[in-house]
Amino acid sequence: GIDPDCVSTTTTSTRTTVTTTITSITSTTTTTSTTTPLPGTCYPPVIGADKDTSDCILVIPPGTCTVRCATGYAGDPATYYCFNLEDNFVGTGPACTSTTTTMTTETTTKTTTTLTSTTTTTSTTTPLPGACYPPVLGPTFDTSDCSPVFPPGTCEVRCATGYVGAPAVYTCDNIVDNFYGSGPDCTSTTTTSTATASTITDTTATATTTTTSTTTPIPGTCYPPVLGAKFDTSLCSGVFPPGTCTVGCAAGYDGDPVTYYCYDLDNNFQGAGPDCVTTTTTTTSTSTSSTTTATSTTSATLTTTSTTTSTTTPIPGTCYPPVIGSDKDTSNCSGIVPPGTCTVACAAGYAGDPVTYYCYDLDDNFIGTGPDCASTTTITSSTTTTTTTSTTTPIPGSCYPPVLGQDKDVSDCTGIFPPSGTCTVTCISGYTGDPVTYYCVLDDGEPTFVGTPPNCVSTTTTTTATTITTSVTSLTSTTTTTSTTTPIPGSCYPPVIGADKDTSDCNYIFPPGTCEVRCAAGYSGGTAVYTCDNVVDNFYGSGPDCTSTTTTTTQTTTTTTTSTTTPIPGTCYPPVLGTGFDTSECSGIYPPGTCTVQCNTGYTGDPVTYYCYDLVDNFIGSAPNCVSTTTTA
């Protein structure tokens, strides 16, 4: 929630007293303030001292609480809502006005200390969304390595400055239980001496103040970036949006400072770096294993084909580098923790201006466009064709590029996220046609591209010679067409046992299952049960015995055409309905799409519409009622 501006109506009168105190003994002040809610409960809203949020403790989402004005303030209470553990409480107000008239006496104390005064302040901050809460262990321990760590992950807890002990590893499996571990055992290295001073002589005594502060920011200011122990983000506290701050390297590290930007309280500070290198010399041995599979094929036309397949999984908690083609160099985008940026340049052999990509969170990962990279390679007159095919496992959560055939270019459809992502599908070289837009949407929770492929026509002229042979004996001509279609993946193939049998009941049967085979129209006989135990053996059974009910007194020429069709990849499987139905319009349809199923020649009935929403269910509909128009003497 956004804290309203609360204006005090207090009348203040000020009187100033100056007191000089001589202290010759070590003064140590330790203040520890840690409030971590129970795992699974919502964080109470932090909205100012004039409001009472005690009702918001121990609320499990979804839930509500009432925020009232604190003692000494007046105003109507307001309801806050917690829908989940990511957003926590959301609400506005209440508007609280002070009811107190205060007489304030301000005392200024001048302290001269002859030894060491150490002040340690420890506070705990809400981490980045999705990151584990750092363990809260007290001022003796240094947990800076635990921010920000995304589950599953680990961090190292060390002893704080002024303490010594072996570090301990803490583990975070999820953001409900957060970090768990034990230790380390830390022993103070401070030697305390006490002396008595009788005169005011030493005004140059050493005063050391150590402040360790990771604090919930002032309401309305941006959260300072949480970057780790080697970064100094102290200038990023108390900055109101829109604003900037400078992030430098911490003591013991060297690097150029960078500017971070805070545009609003939703995204807080955004920036990358700085690149901080320790000033301590460390020798690290790193072993990197890279596997490349290259296949070279040479034919009489001097064609060389190289295929490189690369699949990379990023470090947990970092953004997936953009997958945008082999002409671009995205190596700068690895190991970036959100919010962050990276520079995408053109790869070796290509020229173009670099561009910046942005990663705000681990759901959308990197967002950006370009760069436009032109090849700097000069092709000579020799016929050498180099084809590079890069097959990459899509980024989790993104839509799989549509599979539309070799005449279409879907390279623009990689790394596109639902629900509003789009890409352009064009025709490849050698084909012509208008480009079309595909949309990345969620279909039953699955990222799926939706669109109609472009009509790509080859620019190559092909001459085909076709010979048609017709054989006619006499009188009656009967044409029987049997269409056997690849069924839905995982279902059993319907039995193919002759045109005298109706196997329509055997469509869409998943093993183990059974179906009933009847005699087709124009035949009579009983029924038989067929069984499918698995998709290897499919249906087995026998019968039924079917006898034709047609009386023929003339010579007959029978032409039988058997067609077994596998649809174009990415299109819906045409429905398998039997010989009385015409499903020819249902070929080449991409989901979501429709087609019209009609009655075949020799049958009459009204056409119906079938619907294909996805490649799992394929076409859905009810077959038309087709009645034979054949009169047999």
Side-chain angles (χ1 to χ4, degrees), residues 478-550 558 560-567 571-587 589 591 593-630 632:
T478 303
T479 302
T480 303
T481 302
T482 302
S483 174
T484 306
T485 306
T486 302
I488 297 173
S491 66
C492 303
Y493 273 78
V496 182
I497 48 179
D500 60 336
K501 298 176 179 64
D502 177 4
T503 62
S504 59
D505 185 52
C506 301
N507 293 326
Y508 316 120
I509 302 298
F510 289 84
T514 61
C515 69
E516 190 174 77
V517 177
R518 305 176 181 83
C519 292
Y523 295 85
S524 65
T527 60
V529 175
Y530 277 62
T531 303
C532 174
D533 295 324
N534 54 65
V535 294
V536 176
D537 299 323
N538 291 291
F539 279 105
Y540 62 87
S542 61
D545 294 328
C546 298
T547 304
S548 174
T549 57
T550 302
T558 302
T560 302
T561 304
T562 303
S563 173
T564 304
T565 307
T566 300
T571 64
C572 303
Y573 276 81
V576 182
L577 302 178
T579 58
F581 307 96
D582 176 8
T583 61
S584 59
E585 190 184 325
C586 301
S587 296
I589 304 297
T594 62
C595 72
T596 301
V597 176
Q598 308 175 67
C599 294
N600 247 331
T601 304
Y603 293 84
T604 183
D606 295 331
V608 298
T609 300
Y610 270 59
Y611 300 87
C612 177
Y613 299 107
D614 53 58
L615 296 180
V616 177
D617 297 325
N618 289 286
F619 277 107
I620 299 172
S622 297
N625 184 19
C626 297
V627 179
S628 175
T629 58
T630 303
T632 304

Please report the closest heavy-atom contact between A528 and G543, naming both atoms and the distance. CB-C, 3.8 Å
Taking all heavy atoms of E516 and all of D505, pick out the closest pair and write down the distance.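 Result for this residue pair: N-OD2, 2.8 Å.
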Testing C572, C612, C595 for disulfide (SG to SG under 2.5 Å) with C586, which one passes? C595
SG(C506) to SG(C492) below 2.5 Å: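 Judged by the SG atoms alone, which are 2.5 Å or more apart, C492 and C506 are not bridged.
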With side chains defined as the heavy atoms from C-beta onward, is the minimum distance between [X] and [Y] less than 4.5 Å?
{"X": "P495", "Y": "N538", "value": "no"}
{"X": "K501", "Y": "P544", "value": "yes"}
{"X": "V608", "Y": "P624", "value": "yes"}
{"X": "S548", "Y": "D500", "value": "no"}

Pairwise distance [atom1]([X]) to [atom2]([Y]) - rounded to 0.5 angstrom:
{"X": "I589", "Y": "T594", "atom1": "CD1", "atom2": "OG1", "result": "7.0 Å"}
{"X": "F619", "Y": "L577", "atom1": "CZ", "atom2": "CG", "result": "11.0 Å"}
{"X": "C626", "Y": "Q598", "atom1": "SG", "atom2": "CD", "result": "9.5 Å"}
{"X": "N618", "Y": "Y508", "atom1": "CG", "atom2": "OH", "result": "7.5 Å"}
{"X": "F510", "Y": "N534", "atom1": "CZ", "atom2": "CG", "result": "14.5 Å"}
{"X": "T531", "Y": "F539", "atom1": "OG1", "atom2": "CZ", "result": "8.0 Å"}

Looking only at atom types and distance, does a side-chain atom of [X] sit under 3.5 Å from a main-chain N or O of [Y], one as donor and one as acceptor?
{"X": "N600", "Y": "F581", "result": "yes"}
{"X": "T609", "Y": "T596", "result": "no"}
{"X": "Y523", "Y": "D545", "result": "no"}

More than 12 heavy atoms from other groups under 6.0 Å of CG on D614: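 Count over threshold, so yes.
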Other residues, nucleotides and ligands only: do more than 12 of their heavy atoms fall within 6.0 Å of CG on D533?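 Yes, enclosed.
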Indicate whether any N or O donor in one side chain lies under 3.5 Å from an N or O acceptor in the other, for D582 and Y603.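 Y603 and D582 do not have a side-chain donor-acceptor pair below 3.5 Å.
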